[in-house]
Amino acid sequence: MTETVVTRFAPSPTGFLHIGGARTALFNWLFAKAQGGKMLLRIEDTDRARSTEAAIAAILDGLQWLGLDWDGEPTFQFARADRHREAVEQMLAAGRAYRCYASAEELEQMRATAQAEGRPPRYDGRWRDRPASEAPEGRAPAIRLKAPTEGETVIDDLVQGRVVIPNKDLDDLVLLRSDGTPTYMLAVVVDDHDMGVTHVIRGVDHLTNAARQTQIYEAMGWAVPKMAHIPLIHGPDGAKLSKRHGALGVEAYREMGFLPAALRNYLARLGWSHGDDEIFSTEQAVAWFDIGSVGRSAARFDLLKLQNLNGHYMRDTPDDELMAALKTALPHLPGGPDFSARLDASGRWEAFRLALPGLKERAKTLVELVDGARFLIDERPLAVEPAAAGLLTSDARDLLARLSERLSALEPWTAEGAEAVVRAVADDAGVKLGALAQPLRAALTGRKTSPGIFDVLVALGREESLGRIEDQASPPRAA
RNA sequence: GCUCCCAUCGUCUAGCGGUCUAGGACGUCGCCCUCUCACGGCGAAAACAGGGGUUCGAGUCCCCUUGGGAGCGCCA
């Protein structure tokens with residue numbers, strides 16, 4: 001009898017969905033799919049001061065963009081406060097928790113002396129066994145867990161292995177604050193239990209929390225779910241990648257023009273491997289994913305590799321699909337809306353479509369794709385980039401004039417036909433193809449680089465092409 | 001400071017005691033292709049942190065050192 005796997009992704013809505021969180025979500029999602037289980041979503045909004053609606057929206061949006069769907073409706077942790085308090089009552093009744101009347105100042109002092117004596121800063125348990133009759137007048141108590149003081153707490157982690165924490169290093173954590181609100185530590189345990197979570201997959205930064213939470217499970221008499229603490233992602237400089245250290249939200253990657261499938265592939269490859277496989281579909285990742293193949297060391301985020309991977313995905317995406325992907329991404333790309341509007345206005349979407357095969361070959365991101373297509377929306381007379389202007393020597397302009405004449409007679413207007421004409425003009429002039437192709441590129445695109453020049457001719461169409469060539473060609477010689 | 005975790009090319013990683021004179025990918029550097037830039041093809045440089053064990057045999061197991069990281073809140 002195997003139970004159905006239930007995982008959960010539990011972000012706190014205090015900011016966007018950063019890349020580390022996205023990978024945690026991905027691993028939860030992959031594992032659930034691989035096991036034929038479910039992934040639940042829980043918003044940990046118990047920190048009322050820092051939680052915002054905007055962050056919730058950003059997180060949901062980020063997950064959706066990445067294609068990581070969750071089962072059922074998201075659970076909002078704050079709404080479950082009553083249930084959390086109920087669990088505390090149970091622990092109180094069972095003698096596994098107690099009221100603590102220590103003031104903030106006392107706590108501060110405890111930490112200070114512990115530090116001074118070289119001990120880990122922790123609560124000294126002074127209210128563990130004191131009768132309520134000694135409670136100071138008018139002070140609301142916090143409820144603490146009566147944690148074991150001896151022995152050790154063991155975490156059998158699917159990734160980290162068997163991790164043993166001495167109980168003397170764990171203090172009596174607060175379950176309920178003096179204002180009656182539940183703490184994260186309590187809420188996580190109660191929610192994971194109530195939601196039927198079988199596998200907790202999260203970052204290693206929660207490893208010690210796992211020990212404390214294990215104690216709560218034991219105090220409640222509940223079975224501890226399987227745990228998998230995955231390594232963190234570091235920045236390119238090796239420093240930790242956190243919100244404070246330049247970590248970007250997933251929406252930033254959307255704005256950089258990455259495809260969700262490529263980002264998923266890249267993220268999956270960070271910390272998890274399936275032999276030497278580098279490029280694989282999400283279906284394959286689901287089929288192959290197993291927690292045992294997740295590594296234990298932190299990985300650095302390498303934007304260059306992501307770009308390379310994204311380039312692969314763009315090239316492998318059929319034109320129609322890529323076009324559709326671009327259209328949905330355009331509102332999020334820098335200059336995207338303008339690009340879109342200009343293509344609409346000039347009626348050149350078809351030209352874009354014609355140029356796409358050559359364009360996608362040269363772009364690693366959708367942003368580069370848009371940039372490469374700029375010549376399509378530019379209007380005559382073209383502003384020639386300085387680097388390309390050098391190509392338009394007077395000899396070159398003479399050649400363009402000859403080409404213009406011969407090209408205008410071309411029928412039908414095809415890449416093959418255009419190539420034949422261009423080659424013939426170059427031959428007749430006794431120059432290499434490049435001597436004509438490069439000036440032609442400058443005239444047609446205003447740049448030194450572009451897709452194959454014959455494809456550009458076709459994408460632009462006869463009228464526009466001839467116009468652009470004439471704009472740069474030498475004027476006809478007076479007779 | 002205390003507790004815990006980690007350690008193969010610059011980076012992501014394969015390797016689960018012998019098949020490792022350590023493989024793949026990104027990046028870098030050559031060459032080829034070529035109308036430019038890309039793509040693609042071919043090739044090169046590039047790593048088992050150090051020291052002790054265990055073993056017939058260690059990148060693979062154990063210990064120490066060093067170096068990274070995380071956690072130590074009435075934050076999550």
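To find a chain, count down the sequence lines: A is the first, B the second, and so on, and within it residues start at 1. Both backbone and side-chain heavy atoms feed into the values below; hydrogens, waters and symmetry mates do not.
- Under the ring-ring contact (aromatic ring centres under 6.0 Å, His included) criterion, A:Tyr101 pairs with A:Trp127, sequence neighbours left out.
- For A:Asp205, the listed nucleotide lying nearest its side chain is B:A70; candidates were B:A70, B:C74, B:C37.
- Comparing B:G27, B:G69, B:G73 by their nearest atom to the side chain of A:Asn308 picks out B:G27.
- Stacking of A:Arg447 on the aromatic ring of A:Phe375 is not recorded, the 6.0 Å distance cut-off and the 45° axial limit not both being met.
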Q: Do nucleotides 29-35 of chain B as a string where each nucleotide becomes B, S or -: B if the base has a protein heavy atom under 4.0 Å, S if just the sugar-phosphate does, - if no protein is that close.
A: ------B
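- Regarding contacts with the backbone of B:A76, every side-chain N or O of A:Asn209 stays at 4.0 angstrom or more from both OP1 and OP2.
- The local environment of NZ in A:Lys146 is crowded, with over 12 non-hydrogen atoms from other residues, nucleotides or ligands closer than 6.0 Å.
- Distances shorter than 4.0 Å separate some side-chain N or O of A:Ser273 from OP1 or OP2 on B:A14.
- Rounded to whole Å, the C1' atom of B:G10 lies 31 Å from the corresponding atom of B:C63.
- If you check residues 360-378 of chain A against RNA chain B, the residues with a heavy atom closer than 4.0 Å are A:Glu361, A:Arg362, A:Lys364, listed by number.
- For the residue pair A:Asp395 / A:Thr393, no side-chain donor-acceptor distance below 3.5 Å is found, with atom types taken as modelled.
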Check nucleotides 21-23 of chain B against the protein and report each pair of N or O atoms closer than 3.5 Å, with its distance, or say if there are none.
unit_1 : atom_1 : unit_2   : atom_2 : d
B:G23  : N2     : A:Asp276 : OD1    : 2.5

(Q) Within the 4.0 Å limit for protein heavy atoms, which parts of nucleotides 2-11 of chain B are touched? Write it as a string from 5' to 3', B for base, S for sugar-phosphate only, - for none. (A) SSSSSS---S
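- Residues meeting the ring-ring contact (aromatic ring centres under 6.0 Å, His included) test with A:Phe9, sequence neighbours left out: none.
- No more than 12 heavy atoms of other residues, nucleotides or ligands sit less than 6.0 Å from atom CZ of A:Arg162.
- For the C1' atom pair drawn from B:G15 and B:A25, the interatomic distance equals 16 Å after rounding to whole Å.
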